[in-house]
Amino acid sequence: MRTAFVEELTKIAEKDKNVWLLTGDLGFSVFDDFQKKFPMQYLNVGVAEQNLISTAAGLAMSGKKVFVYSISTFMTMRPLEQIRNDLCYQNLPVYLIGGGSAFSYSTFGGTHFALEDLGLMRMLPNMAVSAPGDALEVRALIRDVYKRHRPAYIRIAKKGEPVIHRPTDRISLGRAAKISDGKDVSILVSGRQLANAFSAAETLRRDNISCRLLSLHTLKPLDVAAIIKAAKETKGLVIVEEHFKNGGLGTAVAETLIQEGLSVPLVSIGIKDEFPKGSGSQDYFLNKCGLTSKGIIKAVNKILNRD
Amino acid sequence: MKTRISTKLLTALKQHALNVRRAVILTSAKAGSVHIASALSPVDILTALYFDALNIDPKNPNDPNRDRFILSKGHGGLGLYCVLAEGGFISQKLLSQYGQDGSILTVHPVLRAVPGIEATTGSLGHGLGMGLGMALAQKRDKKSGRVFVLLSDAECDEGSTWEAVMLAGHLKLDNLVVIIDYNKLQCYGKVKDILDLEPFADKWRANNWETVEINGHKFEEIISALKNIPIKHDRPTAIIAHTIRGKGVPFMENNLEWYYFNLKPAELDKTLAEIY
């Protein structure tokens, strides 16, 4: 996904000399070509995330459109007030790219686990928030946030996630992407769990259970219409996200259902309200949270009372 | 490097500053607003900037080559509004609505609320980073605009301020100017008792800023410092302006309480009579 981001950014920067890339000293080697190609549109500000955001704001206030890269945790939490005041309150075209999903840095410990980034960003007015599920979504969303010309946060995973979309799929910011249709249960997924959700839906199909798989890559603005339709047209919803269950996609969907007066079975798979302990592989932690193809199948069966 | 200042300019600046101080008192009394002393201490600096040093035009406030000014100590917003009204950027009528329901003038300035407000401030430690971004854009675009950022002394407690200080020195942004309103009081008392900034000038110099210290109420010294930007090629400029909080209203000067107090209508005539 990170390569897709840099490639797409390079295409945009070639056409628009006001597009910049700022990093807080992270993304080692990934930006070398960009820096060589566009030295006047690049800056590494050092390990200083607050200033990273304020500097990006100052550039945007001078006509620049600024992509900013750091690890998801450092991108969203250290400079939260700068993001709120300098970017969102002033409504500037600065696009934050957070590297790493929940457990991308699984052996590094909890300081590096991105568990609440999407929820924090979702609270902020003017902010678009997205967790793409594959490289094609990354490309489309990078293009769309640039066109939107307002603050955005995109969390990208980084370890060669499989491409689920067909090249012809239409993917756009704020619109759920329907990967497959079905009448039994809807699976609403954000981020790199898309691959697991896809595989779960395929397995269930062989078992004569048809799932509607929606990639809700954009948490804000949320595709409320697609959620309502899924709630009305299928027997229940399974939410899948690499994020605390508090504040992320599950919360956003639940809010929508309540506001619409819809009461449907809902199972949310995510990270419970505590800091995961110890070290291990990415899969080790995801397994513990049920963020696997098997876990998703289990949740669908629960809704259909088959477990 | 002393710049001579004409008697005509000096007289004009003094009159503007007096008008601004009167406006601060009148407006804050009418609105019942606080932070009066914080709005008074940088009035001479703001006056020197807006009526002499800054390359700006109230008729063309968005000129891409203009100088930018950021009031990073946003709690001095009223002082800035009164200067903008005195300079014709905003109307006296708009200023008179300060503090009323629905007024667009908040205590802490908001970007583009009115012409001349270049950044949203109010939380300390944000202004210098934004100013740095603006100065960098001007440099890379080969534009002539300079960026002036007014910090409070207490704002130099913020880590984010020093992140920007280090980067600006490293990037050699000689079109970036910081003026510190060093009135030596912060919320809870004296700066030297709460978190001493000294040796203050040395801190800026150590980060590769060309640094001067001036009396922030003497126009000869303010203008002299502002006329010589950049003082040194390839180095940002720090002007440490020694000021008096509440300057111009004797009973408010160096009095901590006027950070929090508001003027009662009964005190207004006496206050106006004392302004100097």
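Scope of the values below: all heavy atoms of this structure, side chains included, with no hydrogens, waters or symmetry mates. Chain letters run A, B, ... following the sequence lines, proteins first, then strands; residues in each count from 1.
Heavy atoms of Gln138(B) lying under 4.5 Å from chain A are absent altogether. Proximity to chain A is absent for every atom of Val147(B), based on heavy atoms less than 4.5 angstrom apart. Looking at Ala119(B), the atoms closer than 4.5 Å to chain A (heavy atoms on both sides) sit in the backbone and in the side chain alike. Both the backbone and the side chain of Glu81(A) have a heavy atom closer than 4.5 Å to some heavy atom of chain B.
Salt bridge status for Asp153(B) with Lys73(B): absent, with no side-chain N to carboxylate O gap under 4.0 Å.
Side-chain N/O atoms of Lys36(A) and Tyr42(A) include no donor and acceptor closer than 3.5 Å.
Glu241(A) contributes a side-chain N or O that, together with a main-chain N or O of Gly250(A), makes up a donor-acceptor pair within less than 3.5 Å. With hydrogens and angles disregarded, a donor-acceptor distance shorter than 3.5 Å links the side chain of Tyr81(B) to the backbone of Thr106(B).
For chain A, the option among His126(B), Glu118(B), Met134(B) with the highest count of heavy-atom pairs below 4.5 Å is His126(B). Your options are Val110(B), Leu167(B), Leu132(B), Leu128(B), and the one with the most heavy-atom pairs under 4.5 Å with chain A is Leu167(B).
Closest non-hydrogen pair, Pro132(A) versus Ile156(A), comes out as CG-CG2, 4.1 Å.
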